[in-house]
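Lettering of chains follows the sequences in order, A, B, ..., and the numbering in each one begins at 1. As the structure is a prediction and not an experimental result, all values here were calculated from the model.
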Number of protein chains: 2
Amino acid sequence: MKRPKRPTIRDVAEKAGVSIATVSKYVNGQQSFSPAVEEKLREAIEDLGYSQNSLARAMVTGRTTAIGLAVMDLANPHYSNVVKGANRVALANGYNLFVVDMEESIAAVRPLLEALAPRTDGLIVSARIPKDVTDWLAELDKPVAFLGQPERDDVLTVGTDSVQVAALLAQYLVRQGFKRFGYMGYSRAPSNADRIQGLRQILEPAGVELLIFDVDEPTNEAGERAAARVLLRPDRPDVIIGWNDLVAIGMMNEARSLGFKVPFDVAFAGIDNIPISRYVTPPLTTVDVCSQATGEVVMKKIIAMIEEKPQPTDLTLEPALIIRESTQLHFT
Amino acid sequence: MKRPKRPTIRDVAEKAGVSIATVSKYVNGQQSFSPAVEEKLREAIEDLGYSQNSLARAMVTGRTTAIGLAVMDLANPHYSNVVKGANRVALANGYNLFVVDMEESIAAVRPLLEALAPRTDGLIVSARIPKDVTDWLAELDKPVAFLGQPERDDVLTVGTDSVQVAALLAQYLVRQGFKRFGYMGYSRAPSNADRIQGLRQILEPAGVELLIFDVDEPTNEAGERAAARVLLRPDRPDVIIGWNDLVAIGMMNEARSLGFKVPFDVAFAGIDNIPISRYVTPPLTTVDVCSQATGEVVMKKIIAMIEEKPQPTDLTLEPALIIRESTQLHFT
DNA sequence: AAATATCAGTTAAACGTTTTCCTTTTTGGG
DNA sequence: CCCAAAAAGGAAAACGTTTAACTGATATTT
């Protein structure tokens, strides 16, 4: 395979008969030029098909006009939406967004970030990552933000409050009259504990039972596989909350193929409000965690940090209950 | 905000009392070292928290060990799956995958690719892009591959054959006894024409009608919005094929809220076989276009090109019909 | 018309690495 | 012990840009 070696600024300079500094200024539009020179440059660039090597440019300026986003799992629509939100804001502000998928593997994140860091002006990381990586990030000369449950004050974290999210859902479900709660959590996620705390906070005072289960992966399939464990118990819950919408949808599907009537025999609720939740049967009750807004906010903040502008006033993200038929026993 | 400026190879060299060349060789493991020097280097690197600037490295070596993937829309699960497949193969071969989302906007792709190109050893682009961009890509000194309908021989393109995909579906539906076909296409996509061709290829000989409609966006919502147009016609089709699963699901949902019984009053089929299609009601008949395998294959090929190895033998991607209840009138 | 400001363009250093040649030191065989 | 060969380490050029400082030439002000 031939590699034609793309033209450099030097080639353009030579062809146009000027210095490389002139070419640089021309392509960056930093000065006015005599018509003669301008024409020659235009032509040389056109002929050679020259385009800037942004790597070299980044080396000397220290700016890349790119931002990196490391996300847990792109196949999860929640994250896709975060990415969409972030991407739009980035593009609107003249930045490019590079996304990497860490495949739910916290361990492998460090090399990914090491590769991403020098290529970007700022980093967004969508997980609570190990301390050594956080430390390394802190020593970087770049703004960094995290996605998820805000917890520490010294790092910027954008997301909804997991305790609040869970409590919101529990509150509504208690009011609906459910008596035996099941929670199919994902214990490998750090915020799982917060979710449980939020549930207990409401359920204990109300004197309502909570059974806790665990799924090995936050996916449809895993929810489906895990559902039988909880559905076939003698003390089967009358409502089951999934770690996220995907898990809830998987469980709901399995419940129906086991012959349960949803929501009458058993009700389901999820968390995230992914787009598809409206389209399953019955439509899934869930909590909107502002996926897209999360992406937008975090991107706005990181751009403000990069450009050393004042931080946008703290846009808080309020989770919102989305009530659909998967938890409604009587149609009003 | 303070920017501590990350340490360079020079700082390490100075602290360890050796030359920068030695440091470079050490971090790349290219030579053996006396215990004394080795220890000093280890310590200096540890203390300073040094890590290679891969930008600078890439500049001189010309290699980045990264691959870029520009995708039409990450919110579409089909593309998420392509990304997943590609990412796994990339990681397994020691490459990083950087994903950019072009937001369904073919126009904006050029600047995106210009930013991505110098940062990567190879590029994968998931759309038929304008000729000037293709030309520019061709002049690049990098392997490039396309995702989608293979069409030209001079560029590497991986994907299923759109004509075949559509024909496969039509064939099955005709055999099921459907008589009036609707197709809700997405005319902004180049392969829309191929899909129509595939449908006609089967339907015309069979003497079956085909009504063609168009959706303005390949999403659930757009499918939902567009559904009424076709459902409320006097000559309503008895089966409607969506541009993709998302559109089909949207239409199916709208049909049900308009009071139609699916599949008895009207049946639906999609294309892509996105994971969620199993979970909607009724489960959606579709054509599997090997989303994940597409990502894997294209990544394998591009890595082979980068490393100038022989191309893996042409792994063809055979679309597969996935029959579910959304098109089954009698339960056997 | 002289003095000064503006404009167009150049020179050369710098960004943080890798790598090719060197030079120096160490090792081992006789 | 001597010498050659191998090992360990260094000097400097190169990668493709930007940019500060500079040089002449042209335009503007008085």
Side-chain angles (χ1 to χ4, degrees), chain A residues 3-42 44-45 48-66 114-115 117-119 121 140-142, chain B residues 3-42 44-45 48-66 114-115 117-119 121 140-142:
Chain A
R3 295 280 168 81
K5 194 114 189 68
R6 60 192 287 199
T8 77
I9 202 174
R10 220 159 242 113
D11 301 323
V12 175
E14 188 172 358
K15 179 146 188 164
V18 299
S19 77
I20 62 168
T22 306
V23 181
S24 174
K25 285 170 183 157
Y26 177 76
V27 305
N28 294 312
Q30 302 198 327
Q31 205 184 259
S32 51
F33 298 88
S34 68
V37 168
E38 174 138 19
E39 169 58 17
K40 280 184 167 189
L41 282 171
R42 219 194 34 65
I45 289 175
L48 264 36
Y50 170 79
S51 71
Q52 266 185 354
N53 182 329
S54 49
L55 229 66
R57 174 174 223 271
M59 267 223 52
V60 27
T61 61
R63 305 256 296 108
T64 63
T65 61
E114 285 187 349
R119 295 166 159 87
D121 293 337
L140 227 52
D141 57 335
K142 289 187 198 316
Chain B
R3 295 278 169 80
K5 194 112 189 72
R6 61 192 285 198
T8 76
I9 202 174
R10 217 159 246 110
D11 301 323
V12 175
E14 188 172 356
K15 179 145 188 164
V18 298
S19 77
I20 62 168
T22 306
V23 181
S24 173
K25 285 168 185 161
Y26 176 76
V27 305
N28 294 312
Q30 301 198 329
Q31 205 182 259
S32 50
F33 298 89
S34 69
V37 168
E38 173 136 20
E39 170 57 17
K40 281 186 168 184
L41 282 171
R42 220 193 34 66
I45 288 175
L48 264 35
Y50 170 78
S51 71
Q52 266 186 351
N53 182 329
S54 49
L55 229 67
R57 174 174 224 272
M59 268 224 49
V60 28
T61 62
R63 304 254 299 109
T64 64
T65 60
E114 285 187 351
R119 294 168 160 87
D121 293 338
L140 228 52
D141 57 334
K142 288 189 198 319

*Remember a base hit wins even if backbone is also touched, and classify B:Ser24 as base, sugar-phosphate or nothing at under 4.0 Å, heavy atoms.*
base
*Distance only, no hydrogens: is a donor on one side chain within 3.5 Å (strictly under) of an acceptor on the other, for A:Arg119 and A:Thr64?*
no
*Give A:Thr22 one of three labels, base, sugar-phosphate or nothing, depending on what nucleic acid heavy atoms sit under 4.0 Å from its own.*
base
_Given DNA chain D, 5'-ward residue of the pair A:Gln52 and B:Ser34, judged by closest heavy atom_ = B:Ser34
*NA contact type, A:Tyr50, heavy-atom cut-off 4.0 Å: base, sugar-phosphate, or nothing?*
sugar-phosphate
*What does B:Thr61 touch in the nucleic acid at a heavy-atom separation under 4.0 angstrom: a base, only the sugar-phosphate, or nothing?*
sugar-phosphate
*If you find the nucleotide of DNA chain D closest to B:Ala56 and the one closest to B:Ala21, which residue's nucleotide is nearer the 5' end?*
B:Ala21
_A:Lys25 side chain, from C-beta outward: closest of D:dT18, D:dA20, C:dG16_ = D:dA20
_It should be established whether A:Thr8 places a side-chain nitrogen or oxygen under 4.0 Å from OP1 or OP2 of nucleotide D:dG16._
no
*asked:* Using every non-hydrogen atom in the two residues, find where B:Arg6 and A:Pro118 come nearest and quote the distance to one decimal.
replied: NH1-CG, 3.8 Å
*Would you indicate which nucleotide in D:dG16, C:dT18, D:dG9 comes nearest to any side-chain atom of B:Met59?*
D:dG16
*Please name the pair of heavy atoms, one in B:Phe33 and one in B:Glu38, separated by the smallest distance, quoted to 0.1 Å.*
O-OE1, 4.0 Å
*Where do B:Val27 and B:Tyr50 come nearest, in terms of heavy atoms and distance?*
CG1-CE2, 4.1 Å
_Test item: B:Lys15 and B:Leu48 side chains (from C-beta on) under 4.5 Å apart, heavy atoms_ = yes
*Looking for any heavy atom pair under 4.0 Å, which part of the strands does B:Leu55 touch: base, sugar-phosphate only, or nothing?*
nothing
_I need the minimum non-hydrogen distance between A:Asp121 and A:Thr65, along with the two atoms involved._
OD2-N, 2.8 Å
*asked:* Could you work out how much the helix from C:dA1-D:dT30 to C:dG30-D:dC1 bends, comparing the axis of its first five pairs with that of its last five, to 10°?
replied: 30°
